[in-house]
Amino acid sequence: MTGDREFRRVRQHGAVVRDRLFTLRVTDYRPRYGEVWRPRATIGIVVPKKTLSRAVDRNRARRRVREALRTLPGGLPPCRAILLPNPAVLRVPFPELQAALARAFAGTSGKGKQGKRGGRGGNSAPSPRVPGPVTPPAPTPAEEGQP
């Protein structure tokens with residue numbers, strides 16, 4: 001992915017999958033304006049300095065994740081995604097990393113916008129219930145015959 005606009009759109013509208021190895025935010029594939037419809041996976045791998053302070057580790061994590069995505073057995077579904085690897089990506093065996101990525105992408109297929117955002121326009125407090133007119137319950141036939 002390139003450009004702040006694409007990253008922002010995925011951050012705002014993406015479904016989140018958290019794993020001990022990474023955090024994945026995924027949206028459905030939609031072509032850019034004027035782009036031909038060719039469904040494919042577009043993934044941005046972001047490794048902040050706060051997560052891995054050394055550049056060598058950030059680059060190694062990026063390379064490992066990129067290779068695991070490239071060699072996934074079932075391939076990638078058409079989507080736009082942001083993947084944020086955790087430091088555990090450097091220590092875990094490669095097949096385990098591939099399995100975790102496959103599970104994450106399999107679990108997000110068909111999901112739309114989820115999470116705390118969306119729905120009611122920002123006000124998360126329930127609206128107060130206004131009571132209607134109170135009518136007494138109708139008497140039952142057993143109560144009508146009693147004095």
Side-chain angles (χ1 to χ4, degrees), residues 1-140:
M1 283 194 322
T2 57
D4 186 47
R5 177 180 281 176
E6 285 184 80
F7 277 90
R8 197 174 333 120
R9 189 170 294 141
V10 172
R11 266 189 252 119
Q12 288 174 352
H13 301 290
V16 179
V17 176
R18 284 185 171 67
D19 190 73
R20 69 182 187 87
L21 301 176
F22 54 82
T23 301
L24 178 69
R25 193 173 286 267
V26 183
T27 61
D28 294 332
Y29 172 79
R30 290 205 177 94
R32 297 181 199 130
Y33 179 77
E35 187 179 52
V36 177
W37 176 263
R38 279 189 317 226
R40 63 183 185 269
T42 307
I43 300 172
I45 301 169
V46 180
V47 188
K49 282 185 180 180
K50 191 172 185 178
T51 303
L52 292 168
S53 58
R54 295 179 351 152
V56 173
D57 293 337
R58 288 194 303 274
N59 292 334
R60 183 165 179 246
R62 217 176 275 120
R63 283 194 310 270
R64 285 195 90 201
V65 167
R66 195 178 302 128
E67 184 64 17
L69 288 170
R70 189 182 73 78
T71 59
L72 274 179
L76 291 169
C79 64
R80 293 198 191 276
I82 298 174
L83 194 132
L84 297 131
N86 293 336
V89 165
L90 298 174
R91 294 183 304 273
V92 71
F94 193 74
E96 192 175 326
L97 175 61
Q98 277 188 313
L101 285 167
R103 276 193 314 271
F105 278 103
T108 60
S109 61
K111 288 187 178 182
K113 184 174 178 177
Q114 290 185 345
K116 298 176 187 175
R117 298 179 188 186
R120 296 178 53 182
N123 186 2
S124 62
S127 60
R129 186 168 181 203
V130 179
V134 179
T135 57
T140 60

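Model, not experiment: these values are computed from the prediction.
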request  = With sequence neighbours excluded, give me every side chain to side chain donor-acceptor pair (under 3.5 Å) pair touching residues 46-56.
outcome  = R54-D57
Partner set under side-chain hydrogen bond (donor to acceptor under 3.5 Å, both in side chains) for R20, not counting sequence neighbours = E96
task = Go through L69 and L76 one step at a time and tell me if the side chain to side chain contact (heavy atoms under 4.5 Å, CB included) criterion holds.
result = CA-CA 8 Å; L69 288 170; L76 291 169; 4.0 Å; yes
request  = Quick one: closest heavy-atom pair of P77 and A41, and the distance?
outcome  = O-CB, 3.5 Å
message = To check you understand the geometry: which heavy-atom pair defines the closest contact between F22 and N86, and what is its length?
response = N-ND2, 3.6 Å
task = Could you tell me which residues satisfy side-chain hydrogen bond (donor to acceptor under 3.5 Å, both in side chains) with R40, sequence neighbours excluded, listed by chain and number?
result = E35
ask   = Partners of A102 by side-chain contact (heavy atoms from CB on, under 4.5 Å), sequence neighbours excluded?
value = L72
message = Test your reading of the model: is there a side-chain donor-acceptor pair from R25 to the backbone of R11, 3.5 Å cut-off?
response = yes
note = Hits for salt bridge (Lys or Arg N to Asp or Glu O under 4.0 Å) against R5, two or more places apart or cross-chain, chain-then-number order -> none
query = Mind checking what makes side-chain contact (heavy atoms from CB on, under 4.5 Å) contact with N59, not counting sequence neighbours?
reply = R62, R63
key: Validation row: V65, V47 side chains within 4.5 angstrom (heavy atoms)   = no
query = Would D19 and L24 count as a side chain to side chain contact (heavy atoms under 4.5 Å, CB included) if you check the C-alpha gap in whole Å, the side-chain angles of each, and the deciding distance to 0.1 Å?
reply = CA-CA 8 Å; D19 190 73; L24 178 69; over 6 Å; no
inquiry  = Checking T71 now: which residues fulfil side-chain hydrogen bond (donor to acceptor under 3.5 Å, both in side chains) with it, not counting sequence neighbours?
reply    = Q98
ask   = Can you name the nearest heavy-atom pair linking T27 to C79, along with the distance?
value = O-CB, 3.3 Å
request  = Take atom CZ of R9 as the centre, draw a 6.0 Å sphere, and report whether it contains more than 12 heavy atoms from other residues, nucleotides or ligands.
outcome  = no
task = Look up atom CD in E6 and atom CD1 in I82, then write down how far apart they are to the nearest 0.5 Å.
result = 9.5 Å
request  = Quick one: closest heavy-atom pair of L90 and A61, and the distance?
outcome  = CD2-N, 3.6 Å
ask   = With sequence neighbours excluded, what pairs up with R60 under the salt bridge (Lys or Arg N to Asp or Glu O under 4.0 Å) test?
value = none
query = Do R64 side-chain atoms and V89 backbone N/O form a donor-acceptor pair below 3.5 Å?
reply = yes
query = Who passes ring pair (Phe, Tyr, Trp, His ring centres under 6.0 Å) against Y29, sequence neighbours left out?
reply = W37
